[in-house]
Amino acid sequence: MRVANIQVSETPVVLYALRRADDALILGHRLSEWCGHAPMLEEDMALSNIALDLIGQARELYTYAAKVEGKDNDEDRFAYLRDVRQYRNLLLVEQPNGDFAQTMVRQLFYSAFADLYWRAMMTSRDATLAAIAAKSEKESAYHLRHASEWIIRLGDGTDESRARAQGAIDHLWAFTGEMFAVDEGERALIHADIAIDPGSLRGRWLTTLSAVIREATLDLPQTDWMQQGGRSGRHSEHLGHLLAELQSMQRTFPGQTW
Amino acid sequence: MATPNTPLWEVFIRSRNGLAHKHVGSLHASDATMALQAARDLYTRRGEGLSIWVVPSTAITASDPAEKGMMFEPAESKIYRHPTFYEVPEEVGHM
């Protein structure tokens, strides 16, 4: 790693946009790891489509963060030249793909939230965030539908698919709390009607999720102990490996294009 | 990958209002709902469609290629079935 990390002036709006951009980039990258490896050709395409939607969202959010920050940074520098501790994504989205059930449960947890989140953000007083929300909402709605249909079939499928789906739910559940957490900087943005309070979405998120899980004949865990840290740069060991792959080219050949 | 759990489906896309659904290809899916999603992901990535039909391939009854002489050749000699023998009046203009 020859190239130094960039410095980011994390003002509240910059940090807010970076956190959502990092969610989208990291989850998009995870899904792209399935390309050529999915259980069937049709799903290979479906996962790549979702990945591309997410990376598109990330690009718009990074570009906006760069504009608000007003320094030399841009979408590429944010993606390629920050190390693990500078990444602000949810721990949920950096979790490894695991098996197909794990990938789909992760997607269901995130998309059920993102669908509600972007729909609510369409009323943001920040015109750029509202516009990004309007585009992202339709994409997220489809991601939610796709993941829901798979979970229903995995849960209500064979003994093995059912056991894997339930195992994935139990494993990933502790990473869901972070989606609804708010720190002081974000609290100020919520008061200014630039951001929405994610805590207000948790009831509907749970309703959506419960309906899918019930139809899948699966169970949601009763525990409410939750992992946190991603939003402030304290990540699981998995993110470093992901970034090594994501960033190796730009770190080795700075500014390289093709 | 074809397995007994993922039968074949035929996909039809309507590109815009007023045009008929056209056959665009096929795919494997476990059921109709998943087939519709796969069709969306496979065949409408570049804005090709406004409407999708999926039909189980087994629901299609096809003519036998071996019978194409009997089925189609008799029509070839019936040129009077084409509306090409009418004089179109000048006033009608381009049809």
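Convention: sequence-line order gives letters A, B, ...; per-chain numbering from 1.
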Do other residues, nucleotides or ligands put more than 12 heavy atoms under 6.0 Å from Ile60(B) CD1? yes
Checklist line | Heavy atoms of other groups near Arg59(A) CZ, more than 12 under 6.0 Å | finding: no
Determine whether more than 12 heavy atoms belonging to other residues, nucleotides or ligands lie under 6.0 Å from atom CD of Glu215(A). no
Checking heavy-atom separations under 4.5 Å from chain B, one finds in residues 156-178 of chain A none
Bottom line for Leu52(A): the part with an atom under 4.5 Å from chain B's heavy atoms is side chain
**Worked verdict on Leu42(B) versus Glu42(A) for side-chain contact (heavy atoms from CB on, under 4.5 Å)** = CA-CA 7 Å; Leu42(B) 289 168; Glu42(A) 287 78 353; 3.5 Å; yes
Shortest non-hydrogen pair, Met45(A) vs Asp41(B), comes out as CE-O, 4.1 Å
For Arg45(B) and Asn49(A), the nearest pair of non-hydrogen atoms, with its separation, is NE-OD1, 2.7 Å
Residues at least two apart in sequence or cross-chain that pass side chain to side chain donor-acceptor pair (under 3.5 Å) with Ser57(B), listed by chain then number, are Glu10(B)
If one checks every heavy atom of Arg153(A) against chain B at 4.5 Å, the contacting part turns out to be side chain
Worksheet item: Just wondering, are more than 12 heavy atoms of other shown residues or ligands nearer than 6.0 Å to NZ in Lys68(B)?
Response: no
Tell me whether the count of non-hydrogen atoms from other residues, nucleotides or ligands lying under 6.0 Å of OH in Tyr80(A) goes above 12.
no
Value for CD (Glu43(A)) from CD (Gln37(B)), rounded to nearest 0.5 Å, stands at 8.5 Å
